[in-house]
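The block underneath contains the structure these notes are about, expressed in structure tokens.
Chain identifiers are assigned alphabetically (A, B, ...) following the order of the sequence lines, protein sequences preceding nucleic acid strands; residue numbering begins at 1 within each chain. The model shown is predicted, which means the values in this text are computed figures rather than measured ones.
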Amino acid sequence: MELVKAYDPSQVEEALYRTWMERGYFRALPDRRRAPWAVMMPLPNVTGELHIGHALNNTLQDVQTRFWRMRGRNALYQPGTDHAGIATQNVVERELARQGLRREDLGREGFEQQVWRWVEKYGQIIYAQLQRLGVSCDWDRKIFTLDPDYYDAVQEAFVRLYRKGRLYRSRDYMVNWCPRCATALSDLEVVHEELDSFLWYVRYPGADGSEGVVIATQRPETILADVAVAVHPEDSRYRHLVGRQVVVPLVDRPVPVVADPRVDPEFGTGAVKITPGHDPLDYEIGKDHGLPILVVIGEDGRMNDQAGHFAGLERFEARERVAQALQQAGLVVHREPYRTRVGRCDRCHTVIEPALSEQWFCDVREMAQRAAEAIRAGRVRFFPERWAGVALDWLDNIRPWCVSRQLWWGHRIPVWWCEVCHHPVASKAVPQEACPACGARAWRQDPDVLDTWFSSALWPFATLGWPRDTEDLRYFYPTSVLITDRGILFLWVCRMIMFGLEFMDEVPFHHVYINPTVMDLQGRRMSKSLGTGVDPLQAIRRYGADALRFGLVARCSQAQQDLRFDEKMVADTRNFANKVWNATRYVVRTLEGWDPYAVDPASLQLRTADRWITSRLQRTIQAVTAAYEAYEFDRAAKTLYHFLWSEFCDWYLEMSKVLLQDPQAQDTTRYTLWRTLEVALRLLHPIMPFVTEAAWQALPHRGDSVMVAAWPEADLGPVDPAAEEEMELVQGVVREIRSLRADLRTPPQERVEVHLVAGGTGAILQMHRLLVEALARARVRFVEECLRPHPVAGGVVGPVEVWVPLDRAQADRLAQRAREELEEVERELQRVRARLGNPDFLRRAPAEVVEAERARLREVEARRDKLSRYAVPQPPRG
RNA sequence: GGGCGGAUAGCUCAGCGGGAGAGCACGUCCCUUACAAGGACGGGGUCGCAGGUUCGACUCCUGCUCCGCCCACCA
């Protein structure tokens, strides 16, 4: 077979992917005879295309899926996309804005149609990107969170929670209100940010004409809604004022001074204005003191008609104008710069307004408690482990979850209000019955939709058919592992655990692997809005999906920290794919007309080199398997890179060229070449599915695809420390000779004459003489000792001295090289002697450490003695 | 304000109590019949700073300095 010289991913990847799909390798159907394994894709938002972060996340999932599939599990990789309520609504609104339209212009249905068009487009782009990446999802199962069955599951979940009393409508909380999106948000959808602002110190005169009190505020515009001033009960400065009245500036409203322990006497003046309508703490204090609630800022972020002549002003404009008015009234006693924190809408970055608004809340206390128990009991394990603590902190301090959104895009809340008496009934469809409260039969559905995360919390079981009792659900639930980004630990991961326990009475997954965040070279987060997003398709087109995958796995998957991505590293790993490909070409050529399956492996006489590479292969199988099992992706990748490139290609493959010249070693060498590469390809397949498949198909093989070949199980029988030690010696001698050649400027074609003083290793090196001579391009003579009748240059490799006779000028030059090495050995010797000369060390260090140190002393001394022969100026001639 | 992670070779990162590592980049030589997307041989680091524990610290402890992230109702 003729194989092209340079591996070209663009020629093979898409065709191989089609073949895999056509053969149904990605399908996972319940099969009681096989053990299941499942991973749920963190559903991408249909807001846009995928970036490198998604590529990493999905690659890691695919690595796991392919690994477990090869290990014989019935592996399901569930794909899908998220309608992403507010996020998608916003991007479509932005599209409309470009045409000068608002969603109100289209009406609710018209707008939804517009969003569906967007969803079609980006849903397809996302799936195409994932397929190009090579992930082995079961595409027949792909799900969108607004698909009819999924929609039904969401409604079912809501109705069940409602009937259980876990969902309730309340206006007893301050919610996060986004004036631009005109919807409430959950606490998790608010991002906090530092901002330079001011602190105004404003005088509130006493109602009785006394001087009153000075308060500090960052939000003068809310003064218009003040209903009290509060001080700390223990604060002697203000004790006399408690119970008296002060006058709210500009509106001239007399309000009481109340005492409340939640006031911090250290901050500002120790007196705080109370605005229950616009501040969460003030709301609490107001409630406890029976204070009225005034609202001056409307849902649109403008001052309402309660704001007097500030009405209609945008809230930040109003802040300036109110401050000016206070100034003019002579009531501002001081203004200072102040660094504060504001909450912003996660989606549109608008400053959040804490507001009173009637919303649906979910009481998650009990669910959170069960989730925390499951984590503490180890039924859900986190990798790295520290994330369990982060999750527990949140679960242990859980607060009510605001689940209603005043949006048009999402799952409608399945609650119906009686048009007559406003009595609510939860039901998936229009209630057929009469209103239980008033007997009327006119129902109107709640206009709100649910928080997107309410629906995605059902993902691990709603995808498998819940609420129906399906075979899929019984077989694949709970899933094996969740692989995701830390950014959605609370939003999604914790809530899936809560809902899994609530609806399935079982955790949704046993393991959670938190993958690193991919950043650009400047350390900025990958993000489309920052312009730092890198399109995975661009890297794939240039270097191939395998190169991107291997690069991400090898370089961006150390679970301990975030990593910086540079497309250049994909170019680096492209070279590795090429290396694997060319090694395969060599082996294929070597095997031509020869069938490894006709060989009885037991009959082969293995040489040291064969035993060495086989031993290394077994260790590699063991290390790589353990790494995949422990989610140490980078370790698996690096181990394979080293084995294939440095051990197999650089050494065994080169040795095989020598070994194959011996007719008696041919079968063994061919067999070992084939076997080693074939097994290594299987180990590498989960990370680099394409090149391994192409290479595997080119090699003699049994079965249809490496994708469905059995995972190699480590066999420690062939592990052979003696062979490893022997080959290390051979390699050391070869390296030393090459180094001498380089220093001697020996022309590449020329064989160098080398003398070996091999001592006790003479027999071994004699045996490998041909290897050494070929690999080092040398002619080797074994001698008893370095008699140095002539000038020489040389080096020391463990117990072996390697030297070459040469003319005096060369020798003097090269003695310098040995001298430098000798100096270092001397320094080392000093260190070892100093340590052994320390009585404390001898007394306190463990015996084996002391013994090791003594052995090292002997070793270093021997090396020093040998080396010193080559480090001195050459003796005078004659 | 609390918590977490990071600081090691020019770059990206491993190592985490007893001899400083990898890949890339760099230098020299080589188009040797798998691969120049390659091979061989090299150069390069007071392991952020300051203390402490220890026979011994890049590795453990404390403090500090920078960088990043998360949580929190001091207006």
Side-chain angles (χ1 to χ4, degrees), chain A residues 3 5-7 174 187 192 199 215-219 222 230 262-269 271-275 279-285 338 340-341 354 384 386-387 389-390 393-394 397 486-487 489-490 517 519 521 523-525 543 547 554-556 558 560-566 568-569 571-590 634-635 638 641-642 645-646 649-650 653-654 657 734-735 738-743 745-749 775-777 828 831-832 835 838-846 849-850 852-853 856 859-860:
Chain A
L3 303 174
K5 200 167 165 181
Y7 177 66
M174 277 264 148
D187 296 337
H192 295 272
L199 202 52
I215 59 90
T217 182
Q218 314 177 44
R219 300 196 61 189
T222 64
R262 284 166 286 195
V263 177
D264 176 7
E266 304 294 318
F267 188 88
T269 61
V272 59
K273 69 191 209 58
I274 298 298
T275 321
D279 182 90
L281 178 62
D282 290 8
Y283 176 75
E284 294 299 322
I285 291 177
Y338 186 69
T340 185
R341 286 220 143 141
R386 62 188 151 91
W387 292 107
V390 180
D393 277 349
W394 186 74
N397 298 293
R486 60 158 191 266
L489 180 61
F490 308 142
T517 302
M519 298 182 298
L521 275 181
R524 292 172 306 183
R525 224 187 148 116
Y543 305 111
R555 308 288 285 286
C556 289
Q558 293 91 339
Q560 288 308 315
Q561 68 172 59
D562 295 340
L563 292 128
R564 298 179 185 208
F565 175 87
D566 179 12
K568 195 163 64 67
M569 104 195 167
D572 298 345
T573 49
R574 178 265 315 262
N575 297 353
F576 179 53
N578 191 50
K579 191 75 179 175
V580 170
W581 177 250
N582 275 292
T584 305
R585 284 179 64 218
Y586 170 79
V587 174
V588 166
R589 191 179 299 185
T590 306
D634 63 307
R635 200 156 64 85
K638 285 168 182 161
Y641 186 94
H642 179 257
W645 200 314
S646 305
C649 290
D650 287 351
L653 212 143
E654 292 304 322
K657 294 174 185 173
V734 169
R735 281 202 191 94
R738 285 171 176 166
S739 180
L740 280 168
R741 290 181 64 102
D743 287 344
R745 312 251 184 276
T746 309
Q749 307 306 332
L775 296 178
R777 288 191 172 264
E828 175 63 13
R831 280 197 293 271
V832 178
R835 200 165 301 157
N838 178 351
D840 282 333
F841 174 73
L842 298 177
R843 200 166 55 242
R844 303 191 193 225
V849 172
V850 175
E853 206 64 22
R856 203 161 133 225
E859 201 178 295
V860 177

Regarding A:Arg835 and A:Asn838, do their side chains bring together a donor and an acceptor under 3.5 Å, going by distance alone?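 Per modelled atom types, A:Arg835 and A:Asn838 side chains form no pair under 3.5 Å.
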
Using atom [atom1] of each nucleotide, how far apart are [N] and [M] to the nearest Å?
{"N": "B:A75", "M": "B:G15", "atom1": "C1'", "value": "49 Å"}
{"N": "B:C41", "M": "B:C47", "atom1": "C1'", "value": "27 Å"}
{"N": "B:G51", "M": "B:G10", "atom1": "C1'", "value": "32 Å"}
{"N": "B:U32", "M": "B:G39", "atom1": "C1'", "value": "9 Å"}
{"N": "B:G18", "M": "B:G56", "atom1": "P", "value": "14 Å"}
{"N": "B:A22", "M": "B:G42", "atom1": "P", "value": "13 Å"}
{"N": "B:C73", "M": "B:G68", "atom1": "P", "value": "24 Å"}
{"N": "B:G48", "M": "B:A9", "atom1": "C1'", "value": "15 Å"}

Could you report the tightest heavy-atom contact between [X] and [Y], atom names first, then the distance?
{"X": "A:Arg219", "Y": "A:Pro354", "value": "NH1-CD, 4.1 Å"}
{"X": "A:Leu653", "Y": "A:Ala583", "value": "CD1-CB, 4.0 Å"}
{"X": "A:Ala216", "Y": "A:Leu199", "value": "CB-CG, 4.1 Å"}

In this structure, how many angstroms lie between the [atom2] atom of [N] and the [atom1] atom of [X], rounded?
{"X": "A:Phe490", "N": "B:G3", "atom1": "CZ", "atom2": "C1'", "result": "11 Å"}
{"X": "A:Asp393", "N": "B:G1", "atom1": "CG", "atom2": "C1'", "result": "15 Å"}
{"X": "A:Leu489", "N": "B:C4", "atom1": "CG", "atom2": "P", "result": "16 Å"}
{"X": "A:Trp387", "N": "B:C69", "atom1": "CH2", "atom2": "P", "result": "12 Å"}
{"X": "A:Met519", "N": "B:G5", "atom1": "CE", "atom2": "P", "result": "16 Å"}
{"X": "A:Met569", "N": "B:A25", "atom1": "CE", "atom2": "P", "result": "14 Å"}
{"X": "A:Glu853", "N": "B:G19", "atom1": "CD", "atom2": "P", "result": "7 Å"}
{"X": "A:Lys638", "N": "B:U12", "atom1": "NZ", "atom2": "P", "result": "14 Å"}

ring-ring contact (aromatic ring centres under 6.0 Å, His included) involving A:Tyr283 - partner list, sequence neighbours excluded: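 Applying ring-ring contact (aromatic ring centres under 6.0 Å, His included) to A:Tyr283 gives none.
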
Once ring-ring contact (aromatic ring centres under 6.0 Å, His included) is applied, do any residues pair with A:Tyr586, and if so which ones, sequence neighbours excluded?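 In terms of ring-ring contact (aromatic ring centres under 6.0 Å, His included), with neighbours along the sequence ignored, A:Tyr586 is linked to no residue.
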
[X] side chain near [Y] side chain, heavy-atom distance below 4.5 Å:
{"X": "A:Arg777", "Y": "A:Gln749", "answer": "yes"}
{"X": "A:Lys273", "Y": "A:Thr222", "answer": "yes"}
{"X": "A:Arg585", "Y": "A:Lys5", "answer": "yes"}

What nucleotide among B:C71, B:G23, B:G18 has an atom nearest to a side-chain atom of A:Val849?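 Closest nucleotide among those given: B:G18.
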
Given A:Val272, which of A:Asp279, A:Leu281, A:Val263 fulfils the side-chain contact (heavy atoms from CB on, under 4.5 Å) condition?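 Of the listed options, the one satisfying the test is A:Val263.
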
For nucleotides 73-75 of chain B, list the nitrogen or oxygen atoms of the protein found under 3.5 Å from its nitrogen or oxygen atoms, one pair per line.
unit_1 : atom_1 : unit_2   : atom_2 : d
B:C73  : OP1    : A:Arg399 : NH1    : 2.5
B:C74  : O2     : A:Asp264 : OD2    : 2.0
B:C74  : N3     : A:Asp264 : OD2    : 3.4
B:A75  : OP2    : A:Tyr338 : OH     : 2.7
B:A75  : O5'    : A:Gln218 : NE2    : 2.6
B:A75  : N6     : A:Asp264 : O      : 2.9
B:A75  : N6     : A:Phe267 : O      : 3.3
B:A75  : N1     : A:Asp264 : N      : 3.2

Evaluate side chain to side chain contact (heavy atoms under 4.5 Å, CB included) for A:Val849 paired with A:Phe841, printing each intermediate quantity in order. CA-CA 10 Å; A:Val849 172; A:Phe841 174 73; 4.1 Å; yes

Angle between ring planes, A:Trp581 versus A:Tyr7, binned at 30° and 60°: parallel, tilted or perpendicular?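 Correct class here is tilted.
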
Specify whether A:Trp394 and A:Phe490 have parallel, tilted or perpendicular ring planes, treating 30° as the upper limit for parallel and 60° as the lower limit for perpendicular.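 If you compare the ring of A:Trp394 with that of A:Phe490, the planes turn out parallel.
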
Please write out each protein N/O paired with an N/O of nucleotides 55-58 of chain B under 3.5 Å, distance rounded to 0.1 Å.
unit_1 : atom_1 : unit_2   : atom_2 : d
B:C55  : OP1    : A:Arg844 : NE     : 3.0
B:C55  : OP1    : A:Arg844 : NH1    : 2.6
B:C55  : O2'    : A:Asn838 : ND2    : 2.8

Let me spell it out: for each of A:Arg486 and A:Glu859, pick the nucleotide of RNA chain B with the closest heavy atom. Which residue's pick is nearer the 5' end?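 Its nearest nucleotide being more 5', the pick is A:Glu859.
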
Nearest-nucleotide comparison on RNA chain B, the residue closer to the 5′ end among A:Tyr641 and A:Val390: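 With A:Tyr641 and A:Val390 compared, the 5'-side residue is A:Tyr641.
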
Describe the nucleic acid contact of A:Arg843 in one word from base, sugar-phosphate, nothing, applying a heavy-atom distance below 4.0 Å.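 The residue A:Arg843 makes no contact with any strand.
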
Using a 4.0 Å heavy-atom cut-off, write out nucleotides 34-41 of chain B from 5' to 3' as B (base contacted by protein), S (sugar-phosphate only) or - (no contact). BBSBSSSS

Which stems does RNA chain B form, counting runs of 3 or more consecutive Watson-Crick or G-U wobble pairs with both distances under 3.5 Å?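 So far as stems of 3 or more pairs are concerned, RNA chain B shows B:1-7 with B:65-71, B:10-13 with B:21-24, B:26-30 with B:38-42, B:48-52 with B:60-64.
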
Check the surroundings of atom CZ in A:Arg843: do more than 12 heavy atoms from other residues, nucleotides or ligands lie under 6.0 Å from it?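 Enclosed: over 12 neighbouring heavy atoms sit under 6.0 Å from CZ of A:Arg843.
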
Backbone of A:Pro747 reached by a side-chain donor or acceptor of A:Arg741 within 3.5 Å: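 Pair found, side chain donor or acceptor close to backbone of A:Pro747.
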
